[in-house]
Amino acid sequence: MFFIATGIVLLNVAIYLMMSVIYRRFRFPVLIPALTATVLVVAILLYFHIPYDTYMIGGQWINQLLGPAVVALAYPLYKQRNVLVENLPAILGGAIVGLLIGMFSGLLLAAGLGFSKLYVLSILPKSITTPVAIQISNGLGGDSSLTSVFVMIAGFTGAIGGPLIIKLFRIRSEVGIGIGLGTGSHALGTAKALEYGEQSVSMSSVAMTVCAIVGSCIGPVVAWIMYP
């Protein structure tokens, strides 16, 4: 088991590094390493008929790093604490409004398309970072696996489409860019914010944290309103 787990972890790391090199060379938004590496790993699993349970022998090691990775964002946040205090109203307002729009748009779309209660509750926390979204989904009676997929879709969409929107509307403020990316695509958006500067990363991590806290509070209320 140890050798299988180690091999899977090394495979993921090697693929991610390779995709990172390609992304640095061409810089197309669709080539972000998190997306291309995920697609390549899925393709390998399908081609070699590797079961999901076998993959998770090593995949669970990577999964357990999600929590510490989120906590590690506290460091750039601390370094930018003065900027945080100065822009607190904009950060809180932008993050909360973005969270509500993301949450309700997903719910209304799912309900409008006739999705079952399980799918609706699973898509509810899609605008929140994965570790928190999974816990919210489990608490509401959703499916954590489905929630992970919805969170990834939201993250990839924001990380790919976000730069295009930033360019279209000529947004220059690192604070605004960080809030938008962190709110719209959580961890993937925060990773993308690295390309815009340390201040953007800090604001993105703040926005992501605010969305996690507020989403944890209002998620059950929204679920109760829809399914009293």
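Note: Leu146 CG to Phe115 CZ = 10.0 Å, rounded to the nearest 0.5 Å. Between atom CZ of residue Arg24 and atom CE of residue Met19 there is a gap of 11.5 Å, rounded to the nearest 0.5 Å. Atom CG of Leu181 and atom OG of Ser204 lie 6.0 Å apart (nearest 0.5 Å). Interatomic distance, CD1 of Ile153 versus CD1 of Ile123, reported as 8.0 Å (0.5 Å rounding). Atom CD1 in Ile177 sits 12.0 Å away from atom CD1 in Ile165 (nearest 0.5 Å). Distance CD1/Ile91 to CD1/Ile179: 5.0 Å, rounded to 0.5 Å.
When all heavy atoms of Tyr196 and Pro163 are compared, the pair lying nearest together is OH-CB, 3.5 Å. Nearest heavy atoms, Leu121 versus Pro125: O-CD, 3.5 Å. The shortest heavy-atom contact between Leu118 and Gly141 is CD1-O, 3.6 Å. Taking each heavy atom of Ala154 and His186 in turn, the nearest pair found is CB-NE2, 4.1 Å. Between Ala5 and Ile57, the shortest heavy-atom contact is CB-O, 3.6 Å. The two residues Ala110 and Val120 come nearest to each other via the heavy atoms CB-CG2, 4.1 Å.
Side-chain contact between Leu168 and Leu164: absent, with no pair of heavy atoms (C-beta onward) separated by less than 4.5 Å. Within the 4.5 Å cutoff, side-chain heavy atoms of Tyr55 are placed close to those of Asn12. Between Val175 and Glu86 the shortest side-chain heavy-atom distance does not fall below 4.5 Å. In this structure, Ile15 and Leu11 have side chains that are in contact, with non-hydrogen atoms separated by less than 4.5 Å. Side-chain atoms of Val222 and Phe104, non-hydrogen and from C-beta on, do get closer than 4.5 Å to each other. Under the 4.5 Å side-chain criterion, counting only non-hydrogen atoms from C-beta, Leu124 is not in contact with Ser137.
If you chain together hydrophobic residues whose side chains sit under 4.5 Å apart, Phe48 and Leu10 never meet in one group. Residues Phe150 and Ile136 share a hydrophobic cluster, clusters being chains of Ile/Leu/Val/Met/Phe/Trp/Tyr side chains in contact below 4.5 Å. Connection of Met203 to Ile96 is established within a shared hydrophobic cluster, with ILVMFWY side chains joined at heavy-atom distances below 4.5 Å, either directly or through further cluster members. At a threshold of 4.5 Å between side-chain heavy atoms, the hydrophobic network of Ile, Leu, Val, Met, Phe, Trp and Tyr places Val13 and Val21 in two separate groups. Clustering ILVMFWY residues whenever any of their side-chain heavy atoms sit less than 4.5 angstrom apart, transitively, puts Ile50 in the very cluster that holds Tyr47.
Proximity of a side-chain donor or acceptor of Lys192 to a complementary backbone N or O of Ile160 within less than 3.5 Å is not detected. Judged purely by atom type and a 3.5 angstrom limit, Ser200 uses its side chain to pair as donor or acceptor with the backbone of Glu174. Listed for the Thr147 side chain is no donor-acceptor partner under 3.5 Å among the backbone atoms of Ala133. The main-chain N or O of Phe156 is never found under 3.5 Å from a side-chain atom of Ser185 such that the two would form a donor-acceptor pair.
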Handout entry: side chain to side chain contact (heavy atoms under 4.5 Å, CB included) between Tyr52 and Leu45, worked out
Key = CA-CA 8 Å; Tyr52 176 76; Leu45 295 180; 5.9 Å; no
Problem - Candidate pair Ser122 and Tyr119, rule side chain to side chain contact (heavy atoms under 4.5 Å, CB included), full reasoning - result: CA-CA 5 Å; Ser122 298; Tyr119 281 87; 5.5 Å; no
Practice task
Give the C-alpha distance, both sets of side-chain angles, the deciding distance and a yes or no for side chain to side chain contact (heavy atoms under 4.5 Å, CB included) between Val214 and Leu92.
Solution key: CA-CA 10 Å; Val214 176; Leu92 292 178; over 6 Å; no
Exercise for the section: Output, in order, the C-alpha distance, side-chain angles, deciding distance and verdict of side chain to side chain contact (heavy atoms under 4.5 Å, CB included) for Leu99 and Ile128. Expected result: CA-CA 8 Å; Leu99 170 68; Ile128 303 171; 4.0 Å; yes
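Phe28 and Phe26 have parallel rings, their planes meeting at less than 30° on a 0 to 90° scale where 60° marks the start of perpendicular.
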